[in-house]
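The structure under discussion appears below in the form of structure tokens.
In listed order, ligands and their atoms are each counted from 1.
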Amino acid sequence: MFCQLDGAGPLYQQVYRALRTDILSRRLPPGTRLPSTRALAADLGVSRNVAMLAYEQLLGEGYTQARTGSGTIVAPSLPEQWAAAGGGASLRFAAPAPRTPPRLARAGTRAIAIARRTRLHWDLRGAPLAYDFRFGRPAFADFPHALWCRLLGRRARSARRSDLDYGAPEGRIELREALAERLRRFRGIETTARQIVVVNGSQQALDLVTRVLIDPGDRVLIEDPHYLGARWVFAAGGAELVPAPVDADGMHIPPPRAARRSPRLAYVTPSHQFPTGVVLPLARRLELLDWAARCDAFVLEDDYDSEYRYAGRPLQALAGLDVDGRVLYLGTFSKLMFPALRLGYLVVPEVLVESIVAAKALADTGSAGLEQLALADFIREGHFERHLNRSRVRNAVRRSVLLEALREQFGERAEVSGAATGLHVLVWLRGRDGEPIASVARKAEAAGVGVYAVAPYYLEPPRRTGVLLGYGPLSERQIRQGIRRLAAALG
Ligand SMILES: Cc1ncc(COP(=O)(O)O)c(C=O)c1O
């Protein structure tokens, strides 16, 4: 009998693990009779109860069998591959290395190809920088965290059975009604809860829309430059991307190409173009809607951060101008609250409700219920609007500190785009054309400053050197010092 205890966790688990190791390493071969629990307990200096519990677990998991009259034996038919390589006290269930790559469906192959070419994750990796102008992040410290915990706790404590059960795939009615009312009041979108589908962030909405509207080989009109999260999903769905160049007035629809099928979908960020920040004027919005009607296409409006508008009221959404039922409107709480919430919503034209809800049901049967209820309370009790108003003021201060610092430190050497809205600006660095952006980013990083090249967001990258600077999570002091250090590092 070997039975080496490893000293970790409850005693009966140690005895169970030790016996299991001996069985798997064939030190106790199939058919071996195990000692009685009394004998084992005496041998190991543990109580009989501990030995009995360990034996019960081995029996329950099929490592042993009970034989009337002859006690417990090691199961005679343990599969060969269960044997641990080399034996010893600790078990290694290492999967054998696959000799050939697995046979994937075309969608799986496309997903892998994209992941290998790009960076398919949004989380922070690498050592943190003291002055990180990473975009796409809200001001985490401005969020009323204690209040949110109270609302979440209240919903959790008072949860009825139905709150803990599966919910409707389209989301909790309380949240959809709160959203419909808010969209009518603040975004000029006449909608009802029936047309709203709650999703796990914009990313899921992009995926659902692609599944429902795009077949491999279909064309998707996409702003150039654009949000990579959208490009990747369309590409993974096998779409052919048609770039629509963005100028100072936003996206410009390219003329139709003879003998080419027209796109089935256009993806746009009209209220704060990502990443350039320009706003699509009314004339081009109408032109886009007209194009969609002529081509029998849909338009996906991604309104990710336009509620942070620093002059005047937020612009009316494109969906508010849509009389034809062509626009799917996409909202997220990632920038207005925090990204880990993973909640967003789609406002879907009546004709697409059934298919989008079906796709959502197939994807995950619905988003997390208690968070949806707490969010509905957050909106209906006025906390959301108060939080937005407060953070709009704070972000406006960060933004003007950034613009002032850029003016002071760079003067004519920096041209700023898209500062009227949102949480980032695009800065074109004059006089550096031709310098690889990697060299600019490396110099900045050596000074503790994180800046992000705009070029990867283009299908057809520009000659100019542009960097994105996000300012949401930074303090005014960090912004000032970061820009000072950046200017010094770039010389
Ligand atoms: C254009 C755009 N859309 C959507 C999102 C948000 O995505 P999600 O709701 O999946 O967090 C971002 C975040 O950076 C974005 O830049």
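Qualifying salt bridge (Lys or Arg N to Asp or Glu O under 4.0 Å) partners for D165, counting only residues two or more places apart in sequence or in other chains: none. Annotation: side-chain hydrogen bond (donor to acceptor under 3.5 Å, both in side chains) contacts of R150 (sequence neighbours excluded): none. With sequence neighbours excluded, no residue satisfies ring pair (Phe, Tyr, Trp, His ring centres under 6.0 Å) with H226.
Between H424 and Y471, a ring centre-to-centre spacing not shorter than 6.0 Å is recorded.
Under 4.0 Å is where a charged nitrogen must lie from a carboxylate oxygen, and between R154 and E381 at least one such pair does.
Using a heavy-atom distance under 4.0 Å as the criterion, the protein contacts of ligand 1 are G201, S202, Q203, Y227, Y267, F274, D302, Y304, T332, S334, K335, R342.
Classified by interplanar angle (parallel below 30°, tilted 30° to 60°, perpendicular above 60°), the ring pair F274/F135 is tilted.
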